[in-house]
There are 2 protein chains.
Amino acid sequence: MNQLSERAQQVLEAVVIDHIRSGEPVGSRTISKRHLLQVSSATIRNVMADLEEMGLLLQPHTSAGRVPTEKGLRFYIDSIMKSKDLEDQEKRLIQQALKDVHKDLATLLQKTSKVLSGFCKQAGVVLWPKITLTRLKHIEFVRLRAHQIMVILITKSGLVNHVVLHGEEDVDQDELDKYGRYLNDIFRDMTLGEIKERIIEEMKNEKNLFDELYSRALKMTDQAFQSTFESSELYIEGQLNLINNPEFSDVERLRHLFHAFEDKSKIIRLLDLTLSNASGVKVILGKESSLNELYELSIISSPYKRGNTMLGALGVIGPLRMDYSRIVPVVEFTAALLSRLMEEPE
Amino acid sequence: MNQLSERAQQVLEAVVIDHIRSGEPVGSRTISKRHLLQVSSATIRNVMADLEEMGLLLQPHTSAGRVPTEKGLRFYIDSIMKSKDLEDQEKRLIQQALKDVHKDLATLLQKTSKVLSGFCKQAGVVLWPKITLTRLKHIEFVRLRAHQIMVILITKSGLVNHVVLHGEEDVDQDELDKYGRYLNDIFRDMTLGEIKERIIEEMKNEKNLFDELYSRALKMTDQAFQSTFESSELYIEGQLNLINNPEFSDVERLRHLFHAFEDKSKIIRLLDLTLSNASGVKVILGKESSLNELYELSIISSPYKRGNTMLGALGVIGPLRMDYSRIVPVVEFTAALLSRLMEEPE
DNA sequence: TGGTAGCACTCTCGTTCAATGAGTGCCAAG
DNA sequence: CTTGGCACTCATTGAACGAGAGTGCTACCA
């Protein structure tokens, strides 16, 4: 039953808005007084009973008001919600906050995360640009001590990634320098994804196996890539904001919460979903994530891009009860702004 | 009154031990039953009243048992406590946990922090070796884009530090490579502290000002050092353990707690204290830290070293009510072990 | 004179109970 | 279809109360 009467929608909207504001179950009288002056509370009660039957509302106990279910929120967000546009002043505030730091990507992204968390009073997240899409600026090999070599990858965007390799054979610094010069010439300005493919290809090519130096260099780079691709960076800021939400005033829940943040990989995977799909703001509610660590959290996210290529994602994480009508535009605006900032440099 | 009668000490000890175990105020009868069978509860009560007058114990309310004060804990730790030696098996467990990873310093230190937290069921902390003492392995300059240069410092211990500099003038990669070769030759294997001094000295030296290249390279390195010295790395693991302590079952306190962890610099400064003083395990109780963020936490820490030079510090952070008699030896042992592991490589 | 037994007293904590009030469902009338 | 009215349910609150833990004090004992 995707069709709801005009009135049912109004009631659902009223319940959601009121509940988001107060955190409490909301009763029929409250609605008839505050939102729909035309009809009496009894009428509202009838509608609410219908909505409950459809699974959009829920009564914590018999004599309590109603609370929106996940399904109810979903419907509200998809069909009813009217986003409140940002005030010009708010826009300016965000722009200003990101203007000052836009030179260094690392701090820019971290700052973005902070801005998101600050504006939405929840946790803000920003995912680094997909590593496969970023271009290599420089690769360097440093011998730390016997059998221990550090490989440092620097991407154009300013991400520095280092890996320590433990080799069978010992290689001296001079030879490593040769590797470096060699590979820098070939790979510079290619994306890491392209490089990876190239390496696989070259390693198959038998004749290269005879070129000792080249072969070893490739092998090392390959190893370094292995762990580089695994480590995806994610900035999470403002986790402390979440504690203020009354839904987490219970210690047991707080434990769940921080447990969820403990390994970022789950959240990264979730944000990756945002990337894979069409662009635009996406809201994932509680159990929809099918990660039970996040079953009572929701994520509002959007990709940011350069031109037509999706780079990374950013968003806001908070409890199910959030002011979506405000946060969605904030995320949208911030993503657009960040995308614009990503254009500039070259 | 630093002199306490034998019996008073026994009573204090009993109160501390029992309170650490249970978290509750402990009464006279409990003590006479569980710890000091010879005397009656009435006698204990008299002693307790004395101890309270001295400020070592405290009664939450009239008809409750006693709880040790900070001062009481201090006295207990300094004068009464008998450390329980670690079981051989525990020692072996710790050794084994650190054996596997001892090749890469970053992971070794992180693992150490995890081990500490795991063994003590509190948060474990490990401070990176003091940056001024570590030796430079390699310095590299990479031009990211116009007016934007990344300086990468790699230390012998495997710490990688990068800084993005925004220069007035643009320098091309070839020149930067020259800087690199130049500086690597001079500075390699010196400690960062020595290098810093050397730079200051050289920059004063007027004749160097005419060597354009050298002068610019020095200036850049100096800038890079600026922010490198500020950023000291600290691993904190197992913060989640702290939530389990009943003293943090109150949400307000939890907020305080996580707030305290939010900026690591406070904790770093506290650990630095451990370094500056004589070696050995040090316990800082609550307000003694004179950081009001940490007023209800205590830190048990110890330096670790190579030979006679203190490198860094490690320790355990938890509530005032911790099993010091067990944790102190764990920290002690782990610090000694880590020191031993730092000897090996060369 | 130091230790002890006993007792009255204090204070917290959990339980019970009733009152309160918010909110519902349903029915009959408009 | 809407509405007013009414009986009903249930969480919450606060008061009263008893149980239990623990104390301080006093009188007594070796």
Side-chain angles (χ1 to χ4, degrees), chain A residues 3-12 14-19 21-69 72 246-247 249-250, chain B residues 3-12 14-19 21-69 72 246-247 249-250:
Chain A
Q3 228 52 348
L4 278 188
S5 74
E6 178 68 19
R7 172 170 296 159
Q9 293 201 20
Q10 286 179 319
V11 170
L12 178 56
V15 172
V16 170
I17 289 178
D18 224 65
H19 177 253
R21 203 179 41 73
S22 70
E24 303 287 300
V26 11
S28 54
R29 223 176 104 75
T30 319
I31 291 183
S32 94
K33 269 203 301 192
R34 257 208 285 277
H35 299 273
L36 300 162
L37 296 154
Q38 325 83 345
V39 290
S40 79
S41 65
T43 313
I44 309 270
R45 279 205 285 284
N46 291 328
V47 180
M48 279 169 128
D50 294 347
L51 287 171
E52 181 161 11
E53 209 170 336
M54 284 186 252
L56 301 177
L57 294 182
L58 182 127
Q59 232 177 337
H61 57 263
T62 324
S63 72
R66 255 77 170 208
V67 162
T69 62
E247 22 269 282
S249 61
D250 173 22
Chain B
Q3 228 52 350
L4 278 189
S5 73
E6 178 68 19
R7 171 168 298 158
Q9 294 200 18
Q10 287 179 319
V11 171
L12 178 56
V15 171
V16 170
I17 290 178
D18 225 67
H19 177 254
R21 204 180 38 73
S22 70
E24 303 287 298
V26 12
S28 55
R29 223 176 104 73
T30 320
I31 291 184
S32 94
K33 270 204 301 192
R34 256 209 283 278
H35 300 273
L36 300 162
L37 296 155
Q38 326 83 346
V39 291
S40 78
S41 64
T43 312
I44 308 270
R45 280 205 285 283
N46 290 328
V47 180
M48 280 169 126
D50 294 346
L51 288 171
E52 180 160 10
E53 207 169 337
M54 285 186 249
L56 301 177
L57 294 183
L58 183 128
Q59 229 176 340
H61 58 262
T62 325
S63 72
R66 256 71 171 212
V67 161
T69 61
E247 21 269 283
S249 59
D250 173 23

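Throughout, protein chains are lettered first and strands after them, A, B, ... in sequence-line order, and every chain is numbered starting at 1.
OP1 or OP2 of D:dT2 lies within a sub-4.0 Å distance of a side-chain N or O belonging to A:R7. Between A:S63 and D:dT9 there is no side-chain N or O to OP1 or OP2 distance below 4.0 Å. Within the 4.0 Å cut-off from OP1 or OP2 of D:dG24, at least one side-chain nitrogen or oxygen of B:R66 is found.
Two residues are said to be in side-chain contact when any heavy atoms from C-beta on lie closer than 4.5 Å; B:M48 and B:L57 meet this criterion. Counting heavy atoms from C-beta on, the side chains of B:L4 and B:M54 come closer than 4.5 Å. Counting heavy atoms from C-beta on, the side chains of A:L56 and A:V15 never come closer than 4.5 Å.
In this structure, CZ of B:R29 is placed 12 Å from C1' of D:dG20, rounded to the nearest angstrom. A straight line from CG of B:D50 to C1' of D:dG24 spans 13 Å, rounded to a whole angstrom. Atom P of nucleotide D:dT23 and atom NE2 of B:H61 are separated by 10 Å, given to the nearest angstrom. The separation between B:D18 atom CG and D:dA21 atom C1' is 14 Å, rounded to whole Å. A straight line from CD1 of B:I44 to C1' of D:dT23 spans 14 Å, rounded to a whole angstrom.
The salt bridge (Lys or Arg N to Asp or Glu O under 4.0 Å) check on B:D18 picks up B:R21, B:R34, with sequence neighbours excluded. By the side chain to side chain donor-acceptor pair (under 3.5 Å) test, B:E247 is found to be paired with B:R321, residues two or more places apart in sequence or in another chain being considered. In this structure A:D250 satisfies the side-chain contact (heavy atoms from CB on, under 4.5 Å) test together with A:E252, A:R253, sequence neighbours excluded.
Closest of all the heavy-atom pairs between A:P68 and A:V16 is CB-CG2, 3.9 Å.
Taking a heavy-atom distance under 4.0 Å as the criterion, the stretch of DNA chain C touched by chain B extends 5' to 3' from C:dG3 to C:dT12.
Positionally, the nearest nucleotide of DNA chain C for B:N46 lies more toward the 5' end than for the other of B:N46 and A:R45. Residue B:G65 is the one, among B:G65 and B:A42, whose nearest nucleotide of DNA chain D lies closer to the 5' end (criterion: closest heavy atom).
Across all strands shown, A:S41 has no heavy atoms under 4.0 Å from either base or sugar-phosphate atoms.
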Could you tabulate the donor-acceptor pairs under 3.5 Å formed by side-chain atoms of residues 23-31 of chain A, not counting sequence neighbours?
{"residue": "A:S28", "atom": "OG", "partner": "A:R45", "partner atom": "NH1", "Å": "3.2"}

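With hydrogens and angles left out, the side chain of A:T62 and the base of D:dT9 share no donor-acceptor pair within 3.5 Å.
The distance from atom CZ of A:R7 to atom CG of A:L51, rounded to the nearest 0.5 Å, is 12.0 Å.
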Report, one pair per line, the protein and nucleotides 16-19 of chain D atoms (nitrogen or oxygen only) whose separation is under 3.5 Å.
none

